[in-house]
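Bear in mind the structure is a predicted one, so any value in this text is a computation, not a measurement. Heads up: numbering here begins at 1 and tracks the sequence.
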Amino acid sequence: MFRNQYDTDVTTWSPAGRLFQVEYAMEAVKQGSAAIGLRSKTHIVLGCVNKANSELSSHQKKIFKVDDHIGVAIAGLTADGRVLSRYMRNECINYGFTYESPLPVGRLVVQLADKAQVCTQRSWKRPYGVGLLVAGLDESGAHLYYNCPSGNYFEYQAFAIGSRSQAAKTYLERRFENFADSSRDDLVKDALMAIRETLQGETLKSSICTVAVVGIGEPFHILDQETVQQMIDTFEIVGEQEGPAAEPDAAAGQEAAAVQGAAAADQGGSTDEGVAPMDI
C-alpha cells in the first residue's frame, strides 16, 4: 500500500525529509484499539476499548501497572507495549532501590522516549509500533504523557489515541477546561463518555472497556467490571431523564414552524418560484 523506494530501511531519508518506516509505526498506533487519558489536579484516569480478534477469544490487556504511582495505556502492537511496560517497571524498581523514593514521571517518560528514538537511528532495528499514554503522580502533581514511536513525547490535559480516536478527542476538547477541578468520579464518567464516542453506535458495556485510576492517596489500579457497569448505568439513567425534558420544547418548536408554514402558504406559492431549495 505504501511501498516506495525509500521505505526499505528505517535510516533512509526520502527527498522530502521523511522516514517512512517511522511513519508506518505511527500508522500502527492509529490502527490499534482506542485508548484515552485525562487528568485533574489530583487524579488521572486511563481507559481503553477491549477488542477481541473473534467471538471465541478473549481480549488482550491494554492497560498495565508500572508502579504504585504510574500506569500506562497502549494502542498498537500489544507485544511491543508489554516489552516497554516491563522496561518501565524495571526502571522504577532500580530507581526505588537506589534512591528509596518513587521515580518522577517526567524522568521515566524521557528515558522511554530515548529508548524509542534509538530504534529510529539503527538500521538493524525497527521502531516500536505502539503508542503509550503514561499516567502518573509525583511531587509536582498529576501528569499525563503521550509517547510516540518516533521518540517524541508530549504532556496533555486529556488525549486519545488509536482507531476512531478523533471522536473521543472532539469530546475531550469540548470538556477539558472543567477537568482540572473535576472529582474522581466525574473524571471516570468523562472517560467512559469519551470511550463511548469511539464505538460508533455500539452499546457501551463494562465487558468492552477497561478503566484505571491513580491519584492522591489512591495507588494505580484497574476498576473491576461491576464498578464500571454501575457508573455506566448511572449516567445512562441521567441521560434518559434529560431526554424527555427536552421533548416539550421540541414539540413547541414544531408547532411554531407549522404556523409559519401555513402563513407562508396563505401568501401564495408563486413567490417561491426560482428560489433554490435549502441545503439539508
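Counting only N and O atoms by type, the side chains of S183 and D185 include no donor and acceptor under 3.5 Å apart. Q31 and E27 are linked by a side-chain donor-acceptor pair at a separation below 3.5 angstrom, with hydrogens and angles left out of the test.
Distance alone, capped at 3.5 Å, is enough to place a donor-acceptor pair between the D138 side chain and the S140 backbone.
We find the NZ-OG distance between K65 and S85 to be 13.0 Å, quoted to the nearest 0.5 Å. To the nearest 0.5 Å, atom CZ of residue R175 and atom OG of residue S182 are 7.0 Å apart.
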Evaluate the side-chain contact (heavy atoms from CB on, under 4.5 Å) criterion for residues V105 and E155: first the C-alpha distance (whole Å), next the side-chain angles of each, then the deciding distance (0.1 Å), finally the verdict.
CA-CA 11 Å; V105 184; E155 185 170 10; over 6 Å; no

What's the verdict on side-chain hydrogen bond (donor to acceptor under 3.5 Å, both in side chains) for Q225 and Q229, showing C-alpha distance, side-chain angles and the deciding distance?
CA-CA 6 Å; Q225 287 193 356; Q229 188 61 50; over 6 Å; no

Could you walk me through whether V188 and M231 pass the side-chain contact (heavy atoms from CB on, under 4.5 Å) test, one step at a time?
CA-CA 8 Å; V188 174; M231 302 196 76; 3.4 Å; yes

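Follow the hydrophobic side-chain contacts under 4.5 Å out from M193 and you reach I208 in the same cluster. Cluster membership check: W124 does not share its hydrophobic cluster with Y128, using side-chain heavy-atom separations under 4.5 Å among Ile, Leu, Val, Met, Phe, Trp and Tyr. Residues V45 and L204 share a hydrophobic cluster, clusters being chains of Ile/Leu/Val/Met/Phe/Trp/Tyr side chains in contact below 4.5 Å. Grouping the Ile, Leu, Val, Met, Phe, Trp and Tyr side chains by contacts below 4.5 angstrom, directly or via other members, places L46 apart from L199. Cluster annotation: I195 and L172 are assigned to the same hydrophobic cluster (Ile/Leu/Val/Met/Phe/Trp/Tyr, side-chain heavy-atom contacts under 4.5 Å, transitive).
Closest approach of L133 to A35, counting heavy atoms only: CD1-O, 3.7 Å. For the pair S40 and A180, the tightest heavy-atom approach, listed with the atom from each and the gap, is CB-O, 3.7 Å. Among all heavy-atom pairs drawn from T42 and L137, the shortest one is O-CD1, 4.2 Å. The minimum heavy-atom distance between G106 and Y145, with the atom names listed, is CA-OH, 3.8 Å. A34 approaches S163 most closely through the heavy-atom pair CB-O, 3.5 Å.
Aromatic ring orientation, Y156 versus F159: parallel (interplanar angle below 30°, classes split at 30° and 60°).
Each of L103, L132, V83, I93 was checked for a side-chain contact (heavy atoms from CB on, under 4.5 Å) with M88, and the lone residue meeting it is L132. Each of L84, N147, V110 was evaluated against K115; a single residue qualifies, L84, per the side-chain contact (heavy atoms from CB on, under 4.5 Å) test.
Within a 6.0 Å sphere centred on NZ of K169, heavy atoms belonging to other residues, nucleotides or ligands number more than 12. For K125, the NZ atom sits in a packed shell: over 12 heavy atoms of surrounding residues, nucleotides or ligands are nearer than 6.0 Å.
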